[in-house]
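Everything on this sheet refers to the single structure shown next.
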There are 2 protein chains.
Amino acid sequence: MGAVEKRTKTFRAGPVRIRVTTDDAAARPKERLTRERIVDAAMDLMAEKGYDGVSMRSLARALDTGQASLYAHVANKEELDQLVIDRICSELDVPEPDPENWAEQLKQVLRDCLELYRAHPGTARAAMGMIPTQEGGLRIAEGMLAICIRGGVSPQAAAWFCDIAALFVCAVAYEEQIWTQRMVDGAGHDDLHEFHEDVDGQLMAAFGQLPADRFPFVTGYARELTAGDGDERLEFGLDLLVSGLEAASERYRDR
Amino acid sequence: MGAVEKRTKTFRAGPVRIRVTTDDAAARPKERLTRERIVDAAMDLMAEKGYDGVSMRSLARALDTGQASLYAHVANKEELDQLVIDRICSELDVPEPDPENWAEQLKQVLRDCLELYRAHPGTARAAMGMIPTQEGGLRIAEGMLAICIRGGVSPQAAAWFCDIAALFVCAVAYEEQIWTQRMVDGAGHDDLHEFHEDVDGQLMAAFGQLPADRFPFVTGYARELTAGDGDERLEFGLDLLVSGLEAASERYRDR
DNA sequence: ACCTGAACACCGTTCAAGT
DNA sequence: ACCTGAACACCGTTCAAGT
């Protein structure tokens, strides 16, 4: 359950001192609902059950309140998602721009973003299609823009790059989380790495067995199509985007 | 509703001949359900009401049957989504590889993909995180791989590029469709273009009004951050990816 | 073989009524 | 001011029963 619910209480029973952690509803003076508590509980629930595990109802249940009570603090589920994303964004540190080293700095921020999504399963789904308008998200946007522009990238290229790169990382994380969720639901596996290898193996076999006359390249390069884990694919994508940006920055020099 | 439901019928009432188009259930010899009819109806419904407008129940209603009947032809909603995506994929023509011109050919295929998503609102959401395993999707993967490899791109770079570029286009389309859906739901606007300009305007104002000391770059480049429509941003992204690929192909020469 | 009604276990959101 | 129960209008999926 939520981090806020646990309290310790000490009883005296003759010579014995009993110290218990209570988390049953009856025992505590019901804490007031706040946005903070709601977001805390949503993050716990999301980490445990994935994006679809967080409903206004399950969240109310976790907070031991009625679902309607949540709407006194949060406009709707979309706003809740925004608050959750903003919270995780605020965990990320963006470095001071080092103009000599902008390309590597950008890559590192984007790698950190993926790690952040990974640390909080379900969040990538919530972040898809979200524009940063809150403190946390804006800080990251500010930091990435700063790295680009202090590094000499033209403003228009920098702005579009930040947008596109963030979208890309989010999409990679979302795909990963879909597969992770599929594993959790399907059970049968408890090792994620092993599961991925299984999927890749089956996929490679499937590609390899297609009619070779109509799909010569898919069958011929089945190995390459299924190669690499999430990190390798992210790294490849970051290489494309960043080395592309170095080139594009020239073309957009005047914008 | 679906294209299949309308029939004309002629009655004789004394001297008058009445010709009606019936689409009420009672009048027609109920057509058998098939996968084809189900996918047809799902596409119509999705175009009209977006991704969330297609539920197994609303779909059954549109087909004038019970929701359980659908499960005789389609394993679950996920399979339905796959069939819909595969159907739209089969609308796309992939060109014969022209090795001199591989970069432009790739961009054109990816532009066509975005057009396809746009022509069928709601599909990008369904396609997110989907691996092509059916005829239609595989054809596109085959075609893109062929263009890359015949153009001299190393196999591993080609394979990862196809994956990443498809993900990118899908994510761009998904973001667009979220905004479009938001407009449809919110009503008040009936011109999509005007709506986008409104959103961009408000966003630019919001960015511009942030505390300039903490967000110097976001406030300073508010115009660039909100500039450009979907096409310009896609084009920029394709430039990054494809020019990045030309560079990466060298580094992966041996793989 | 194919289809159906009814059920099960869920959603997000609203609102009059309570403390 | 804050919280609640109950309702409204939905979901995906299953299954015994019908034709």
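Order of the sequence lines fixes the chain letters, A, B, ..., with proteins taken first and strands second; residue numbering starts at 1 for each chain. We use all heavy atoms of the structure for the numbers below, so side chains are in, but hydrogens, waters and symmetry mates are not.
- Qualifying side chain to side chain donor-acceptor pair (under 3.5 Å) partners for A/Asp229, counting only residues two or more places apart in sequence or in other chains: none.
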Pairing pattern in dot-bracket form [Watson-Crick, G-U; both distances under 3.5 Å; | = partner strand] for DNA chain D = ||.|||||...|||||.||
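- Between C/dC3 and B/Thr65, no contact under 4.0 Å exists linking OP1 or OP2 to a side-chain N or O.
- Side chain of A/Ser58 to backbone of A/Gly53: a donor-acceptor contact under 3.5 angstrom is found.
- Evaluation of the side-chain contact (heavy atoms from CB on, under 4.5 Å) rule for B/Glu36 yields B/Thr34, B/Arg87 as partners, not counting sequence neighbours.
- Note: CG (B/Asp64) to C1' (C/dC3) measures 12 Å, nearest angstrom.
- Within the 4.5 Å cutoff, no side-chain heavy atoms of B/Ile38 are placed close to those of B/Leu83.
- In this structure, CG of A/Leu45 is placed 13 Å from P of C/dC10, rounded to the nearest angstrom.
- Between B/Ser55 and D/dC10 there is no side-chain polar atom (N or O) within less than 4.0 angstrom of OP1 or OP2.
- Partners of A/Glu135 under the salt bridge (Lys or Arg N to Asp or Glu O under 4.0 Å) rule, at least two apart in sequence or in another chain, are B/Arg214.
- One finds a side-chain N or O of B/His73 lying less than 4.0 angstrom from the OP1 or OP2 phosphate oxygen of C/dC3.
- Following rounding to the nearest Å, A/Tyr51 (OH) and C/dC11 (C1') show an atom-to-atom distance of 12 Å.
- Annotation: salt bridge (Lys or Arg N to Asp or Glu O under 4.0 Å) contacts involving residues 109-123 of chain A, sequence neighbours excluded, comprise A/Glu104-A/Arg111, A/Arg111-A/Glu235, A/Glu115-A/Arg118, A/Arg118-A/Glu176, A/Arg118-A/Asp231.
- One can place CG of B/Leu59 at 13 Å from C1' of D/dG12, the figure rounded to the nearest angstrom.
- Listed by chain and residue number, A/His120 satisfy the side chain to side chain donor-acceptor pair (under 3.5 Å) test with A/Glu91 (two or more places apart in sequence, or in another chain).
- Taking atom CZ of B/Arg61 as the reference point, atom P of D/dC10 lies 7 Å away to the nearest angstrom.
- Summarising the geometry, the separation between CZ on B/Arg37 and C1' on C/dC2 is reported as 14 Å, rounded to the nearest angstrom.
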For residues 66-74 of chain B, dump all side-chain donor-acceptor pairs below 3.5 Å to protein atoms at least two apart in sequence or in another chain.
| from | atom 1 | to | atom 2 | distance (Å) |
| --- | --- | --- | --- | --- |
| B/Ser69 | OG | B/Thr65 | OG1 | 3.1 |
| B/Ser69 | OG | B/Gly66 | O | 3.3 |
| B/His73 | NE2 | B/Leu33 | O | 3.2 |

Polar pairs (N or O, both sides) under 3.5 Å between protein and nucleotides 13-17 of chain D?
| from | atom 1 | to | atom 2 | distance (Å) |
| --- | --- | --- | --- | --- |
| D/dT13 | OP2 | B/Tyr71 | OH | 2.9 |
| D/dT13 | OP2 | B/Lys77 | N | 3.1 |
| D/dT13 | O5' | B/Tyr71 | OH | 3.4 |
| D/dT13 | O4 | B/Gln67 | NE2 | 3.2 |

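- Residue A/Leu33 contributes atom CG, which lies 11 Å from atom P of D/dC2 at whole-angstrom precision.
- Taking the P atoms as reference points, D/dA9 lies 22 Å from C/dC10, given to the whole Å.
- Sorted by first and then second residue, the salt bridge (Lys or Arg N to Asp or Glu O under 4.0 Å) pairs with a member in residues 160-171 of chain B read A/Arg233-B/Asp163; sequence neighbours excluded.
- Distance B/Leu70 CG to D/dC11 C1': 14 Å, rounded to the nearest Å.
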